[in-house]
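First up is the structure itself, then whatever we jot down about it.
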Number of protein chains: 2
Amino acid sequence: MATITDVSRLANVSKATVSRVLTGNRGVRQESREAVLKAVETLNYRPNIFAQSLANEYSNQVAVVLREADVNRLSAHLPQLARGIQAQGLEMTLGFVASSAQIDEQLQRLSQFNPVATIVLGVDDDLSTHDRVIQIGMGEQAIHYDYPFACESAVRYLLSQGHRQIAIWLDDDEPKIRDALLDGYRQALQNQSLPFNRQLVVNGPHDSEQSLLELLNRYLPFSALLVRRDSDAATAIRLLREFNITVPQEVSLMSLEDSPLAVQLCPPLTCIHYPIDSLLDAVLDRLAQLLHKQTRSPQTLLRGNLVIRDSVRTANHR
Amino acid sequence: MATITDVSRLANVSKATVSRVLTGNRGVRQESREAVLKAVETLNYRPNIFAQSLANEYSNQVAVVLREADVNRLSAHLPQLARGIQAQGLEMTLGFVASSAQIDEQLQRLSQFNPVATIVLGVDDDLSTHDRVIQIGMGEQAIHYDYPFACESAVRYLLSQGHRQIAIWLDDDEPKIRDALLDGYRQALQNQSLPFNRQLVVNGPHDSEQSLLELLNRYLPFSALLVRRDSDAATAIRLLREFNITVPQEVSLMSLEDSPLAVQLCPPLTCIHYPIDSLLDAVLDRLAQLLHKQTRSPQTLLRGNLVIRDSVRTANHR
DNA sequence: CTGTTAGCGCATTCAG
DNA sequence: CTGAATGCGCTAACAG
């Protein structure tokens with residue numbers, strides 16, 4: 001590989017000038033600049049990032065921490081994220097955490113790369129105290145998704161379709177999100193002066209049939225079921241069918257995700273769309289701001305929209 | 001951050017000795033070694049990877065190139081791969097390619113990290129010429145999945161269930177795999193002295209209803225359909241249902257993937273399981289061999305096994 | 001505007 | 001077995 005010295009010799013300038021041309025674009029005569037650029041071209045020179053990072057304070061790396069449970073959902077967007085990061089001249093390094101408990105461990109591991117920024121996706125903990133952290137989640141400075149709004153919208157829609165007994169399946173591995181969803185659920189009912197029935201709320205891990213069995217075992221009739229994940233919806237469709245309950249004829253179903261799976265199921269799911277794209281764009285915006293030392297943007301809040309498909313039917317009013 | 005100088009001072013040895021203890025374990029007095037190790041501990045010293053990589057020829061990075069189309073399938077296993085790599089004291093850097101055409105571009109980009117090895121997943125091109133490349137695919141030295149075997153097994157199973165008109169949906173974006181599958185298909189028929197009917201083979205992109213419509217438009221009766229991807233199976237179930245053809249009552253369905261989606265569908269899919277786990281384990285084995293400069297392992301070939309669920313019924317013999 | 005110089009932290013000679 | 005010295009490639013003062 002060609003080094004900066006090779007370039008400087010070929011361009012008849014000093015290494016410092018080459019460095020100036022390639023990094024801080026200021027204060028170089030046009031003539032010299034062109035000579036350098038030409039030499040760079042002909043030698044196909046690429047700066048050695050290790051030498052660069054060693055000489056500088058930090059590297060061209062952006063650390064990205066993912067919850068393993070979110071990897072499936074996010075992974076389809078990883079290329080998008082990587083491209084966005086590369087568009088800013090940076091590189092992406094991944095760290096995986098099984099649970100929030102491991103976040104510090106990963107952060108420390110990733111610190112060996114001296115990243116210019118750290119992006120944390122899907123971790124509930126508030127990381128505002130850390131420096132140069134961009135977070136999607138519930139933290140102080142995080143990019144927020146409006147879960148209450150999503151849940152309220154879903155319930156509101158089901159109510160508009162005549163449903164009165166609306167069950168909701170919440171997962172307990174993300175307590176803050178769980179609470180936010182429950183808030184939205186109660187809010188929607190309250191706005192219509194409808195009673196809140198604790199029996200219609202089940203907690204349980206994702207994709208677990210048990211949670212649903214628990215609901216069925218309560219012998220409480222419900223005409224609609226709201227779940228957070230499309231995969232939960234898939235589980236629900238399967239299990240309900242085994243109990244001879246068809247979706248949407250007997251029970252309407254809504255999810256708060258709208259992943260590719262939503263259209264693959266029978267019936268295709270009516271959803272409040274979780275806008276990963278937009279969230280990641282917001283992340284990239286923040287990253288750009290952070291690099292250019294602009295003022296910190298205020299808390300970002302994004303909302304989902306209603307996507308109507310076939311898993312909701314109007315309820316038979318009695 | 002503590003540097004090697006700090007450690008050397010605290011341990012009352014020279015930087016060289018510290019370096020020796022931490023890398024090449026040879027030729028250090030037990031006494032000195034312990035002093036160094038203790039100093040490392042108390043200072044919580046971590047070598048600066050940039051300085052390390054600069055001084056050395058190469059880095060602690062392993063480059064991993066993924067086809068974007070495979071990201072969804074592989075992503076759930078990315079943490080597994082990352083852990084396996086980290087277990088060998090290395091780090092993983094990702095590169096995404098939309099098509100095989102971009103592979104060289106990514107390889108060049110990743111070369112800036114001076115990776116000790118490059119892992120290429122799901123790219124058809126033969127990369128044997130490149131140095132230190134570990135590949136899952138069809139290349140000369142690649143880790144192979146036995147596609148013909150998988151396809152033959154599936155057809156064999158369907159035949160055993162009385163099916164005689166077995167349609168197959170192949171995708172054309174991976175020609176080598178397509179051909180391999182077709183080989184297996186023909187082989188299975190040949191073994192039973194059954195005729196091969198070109199009309200039962202459709203080509204088309206993944207998740208495209210058109211391919212399936214094409215098949216239906218041929219008005220050729222078939223009692224079973226074989227697809228490569230679970231998502232294709234999902235598409236098939238949905239489309240067939242819209243034509244009032246139920247799975248598995250009227251058409252049996254098999255896939256060659258068995259991803260998490262396979263059990264989420266109605267009916268759950270009978271599959272030949274594609275063993276990503278094992279393939280990645282094979283990759284990690286190769287990586288270990290490559291690091292320890294052992295002899296190159298012979299070509300690796302892995303096979304899938306039959307997973308019986310509910311999407312295949314015995315055919316009504318006429 | 002530009003060249004010279006001095007490190008960044010580490011591994012690796014080469015003498016002891 | 002060990003320490004001093006050298007250089008990896010680059011950036012950032014500091015003088016001109």
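Note on naming: letters A, B, ... go to the chains in the order of the sequence lines (proteins, then strands), and numbering restarts at 1 for each one.
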- request: Would you kindly give the CG-to-C1' distance between A:N60 and D:dC10, to the nearest whole Å?
  value: 13 Å
query: In whole Å, what is the span from the CD atom of A:Q52 to the P atom of D:dC10?
result: 7 Å
query: Taking for each residue the nucleotide of DNA chain D bearing the nearest heavy atom, is the 5' side occupied by B:R29 or by B:A55?
result: B:R29
task: Verify the contact: side-chain N or O of B:R20 to OP1 or OP2 of C:dT12, cut-off strictly under 4.0 Å; return yes or no.
output: no
- prompt: So, is A:T17 close to the C:dG3 phosphate, meaning a side-chain N or O under 4.0 Å from OP1 or OP2?
  reply: yes
query: When the distance from CG of B:N56 to P of C:dG9 is rounded to whole Å, what number comes out?
result: 17 Å
message: Pick the closest DNA chain D nucleotide for B:A16 and for B:L54 by heavy atoms, then say which residue is nearer the 5' end.
response: B:A16
query: Judged by atom type as modelled, is there a donor-acceptor pair below 3.5 Å linking the side chain of A:S32 to the main-chain atoms of A:V28?
result: no
task: Compare side-chain N and O positions of A:Y58 against OP1 and OP2 of D:dT11 and report whether any pair is under 4.0 Å apart.
output: no
query: Would you say D:dT2 has OP1 or OP2 under 4.0 Å from some side-chain N or O of B:S32?
result: yes
query: Would you say a side-chain N or O of A:T3 is under 4.0 Å from OP1 or OP2 of D:dG9?
result: no
task: Nearest whole angstrom, please: distance from the P of C:dG9 to the CG of A:N114.
output: 10 Å
statement: Closest non-hydrogen contact found for A:A98 with A:Q102 is N-OE1, 2.8 Å
- prompt: Does some side-chain heavy atom of A:L280 sit less than 4.5 Å from a side-chain heavy atom of A:I136?
  reply: yes
message: Quick check against the 3.5 Å criterion: does A:S75 have a side-chain atom that pairs as donor or acceptor with the backbone of A:V71?
response: yes
- prompt: Checking all strands, does B:V13 fall into the base, sugar-phosphate, or nothing category for heavy-atom contacts under 4.0 angstrom?
  reply: sugar-phosphate
query: Roughly, in whole Å, what's the span from CE in A:M1 to C1' in D:dG9?
result: 11 Å
message: Nearest whole Å is fine: how far is D:dT2 C1' from B:N12 CG?
response: 13 Å
message: A cation-pi test, strictly: NZ or CZ of B:R73 under 6.0 Å from the centre of the six-membered ring of B:Y274 and no more than 45 degrees from its axis. Yes or no?
response: no
- request: Would you mind reading off the distance between B:Q112 atom CD and D:dC8 atom P, rounded to a whole angstrom?
  value: 21 Å
- prompt: Please give, in whole Å, the distance from D:dC10 P to B:F50 CZ?
  reply: 15 Å
